[in-house]
Amino acid sequence: MSVEAVFTALADSTRRLVLQRVAERGDVTATELAADLPVSRQAVSKHLDALGAAGLILGSKVGREVQYRVTPEPLTGAVRWMLEVGSEWDERVTRLRSLLQADDGYGVT
């Protein structure tokens with residue numbers, strides 16, 4: 001899955017809450033999640049579909065229900081991307097600080 005798909009899925013606060021609840025509870029159904037959330041079962045199902053499309057959860061049919069669990073691999077890719085971007089910005093700030101210190105002679109803290 002792409003980093004973009006992960007960030008798109010996590011952009012919605014309800015989806016983040018659904019993902020958190022699935023992570024906390026382990027194998028859980030949409031019905032069980034809806035009982036704990038301030039949205040309908042249909043809304044939970046749509047959020048689960050979006051999280052599944054991003055690869056963040058996996059559903060497995062058990063009898064008549066589908067049980068969901070978190071799949072952490074896509075989050076690893078998103079975290080890796082954030083660390084790379086953060087590192088690039090740290091390097092830019094360090095270079096800027098060095099340039100400013102050299103330019104004014106007073107130093108910047």
Side-chain angles (χ1 to χ4, degrees):
M1 291 296 142
S2 72
V3 171
E4 292 82 10
V6 171
F7 285 127
T8 298
L10 295 177
D12 184 276
S13 62
T14 303
R15 267 188 230 123
R16 290 192 306 272
L17 181 58
V18 169
L19 182 63
Q20 179 181 348
R21 294 291 166 83
V22 173
E24 291 169 353
R25 295 184 67 177
D27 292 342
V28 63
T29 67
T31 302
E32 292 168 337
L33 288 168
D36 292 338
L37 296 170
V39 293
S40 69
R41 186 197 179 287
Q42 292 80 7
V44 169
S45 291
K46 288 185 180 196
H47 288 300
L48 289 168
D49 288 343
L51 292 167
L56 294 167
I57 61 167
L58 181 64
S60 301
K61 189 122 174 132
V62 177
R64 294 178 43 193
E65 294 274 8
V66 176
Q67 290 187 342
Y68 297 91
R69 64 180 170 83
V70 171
T71 52
E73 293 82 14
L75 286 175
T76 302
V79 168
R80 185 177 309 116
W81 179 86
M82 287 187 288
L83 290 172
E84 288 172 9
V85 169
S87 176
E88 290 172 11
W89 277 103
D90 289 345
E91 291 171 15
R92 290 176 183 162
V93 168
T94 299
R95 284 195 309 265
L96 179 59
R97 181 174 285 134
S98 295
L99 288 171
L100 290 172
Q101 288 174 340
D103 186 44
D104 70 11
Y106 293 107
V108 176
T109 58

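For clarity, every value in this text was computed on a predicted model and none was experimentally measured. Note that these values count all heavy atoms, side chains included, but never hydrogens, waters or copies made by symmetry.
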Peer 1: Looking at V6 and A54, what are the two nearest heavy atoms and their distance?
Peer 2: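 Heavy-atom minimum between the residues: CG2-O, 4.0 Å.
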
Peer 1: Checking side-chain contact (heavy atoms from CB on, under 4.5 Å) against V39, which of L33, L17, V44 comes through?
Peer 2: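 Testing V39 for a side-chain contact (heavy atoms from CB on, under 4.5 Å) against L33, L17, V44 leaves exactly one candidate, V44.
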
Peer 1: To the closest 0.5 Å, what do you measure between OG1 (T31) and CZ (R64)?
Peer 2: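 These two atoms lie 10.0 Å from each other.
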
Peer 1: For residues A50 and A9, report the shortest heavy-atom separation together with the two atoms involved.
Peer 2: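 Taking A50 first and A9 second, the nearest heavy atoms are O-CB, 4.1 Å.
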
Peer 1: Give, for atom CG of L56 and atom OH of Y68, the distance between the pair rounded to the nearest 0.5 Å.
Peer 2: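 L56 atom CG to Y68 atom OH measures 14.0 Å (nearest 0.5 Å).
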
Peer 1: Under 4.5 Å between side-chain heavy atoms, counting indirect links through other Ile/Leu/Val/Met/Phe/Trp/Tyr residues: same cluster for V66 and V62 or not?
Peer 2: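 No; tracing contacts between hydrophobic side chains, which count when under 4.5 Å, never links both residues.
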
Peer 1: Has the side chain of R69 got a donor or acceptor atom that lies under 3.5 Å from a matching backbone atom of G26?
Peer 2: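 Looks like no, no N/O pair under 3.5 Å.
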
Peer 1: Measuring from D27:CG to E65:CD, what's the distance to the nearest 0.5 Å?
Peer 2: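 Output value for this atom pair is 12.5 Å.
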
Peer 1: To the nearest 0.5 Å, tell me how far I57 CD1 sits from L51 CG.
Peer 2: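 CG of L51 is found 5.0 Å from CD1 of I57.
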
Peer 1: Test side chain to side chain contact (heavy atoms under 4.5 Å, CB included) on L75 and L10; report intermediate values, then the result.
Peer 2: CA-CA 10 Å; L75 286 175; L10 295 177; 3.9 Å; yes

Peer 1: Check step by step if side chain to side chain contact (heavy atoms under 4.5 Å, CB included) holds for R25 and D36.
Peer 2: CA-CA 11 Å; R25 295 184 67 177; D36 292 338; 2.5 Å; yes

Peer 1: Does some side-chain heavy atom of V28 sit less than 4.5 Å from a side-chain heavy atom of R21?
Peer 2: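 No, their side chains stay 4.5 Å or more apart.
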
Peer 1: Checking R41 against S45: is there a side-chain donor and acceptor pair closer than 3.5 Å?
Peer 2: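 R41 and S45 do have a side-chain donor-acceptor pair below 3.5 Å.
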
Peer 1: Check for a donor-acceptor pair, side chain of T29 on one end and backbone N or O of Q67 on the other, with a separation under 3.5 Å.
Peer 2: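 No: the side chain of T29 does not pair with the backbone of Q67.
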
Peer 1: Do V79 and F7 sit in the same hydrophobic cluster, where Ile, Leu, Val, Met, Phe, Trp and Tyr count as joined when their side-chain heavy atoms come under 4.5 Å apart?
Peer 2: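 Cluster IDs for V79 and F7 match.
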
Peer 1: Should L48 and V22 count as side-chain neighbours, where that means a heavy-atom distance under 4.5 Å?
Peer 2: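 Yes, side chains in contact.
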
Peer 1: Quick one: pull up OG in S13 and NE2 in H47 and give me the separation to the nearest 0.5 Å.
Peer 2: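 If we round to the nearest 0.5 Å, S13:OG and H47:NE2 are 8.0 Å apart.
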
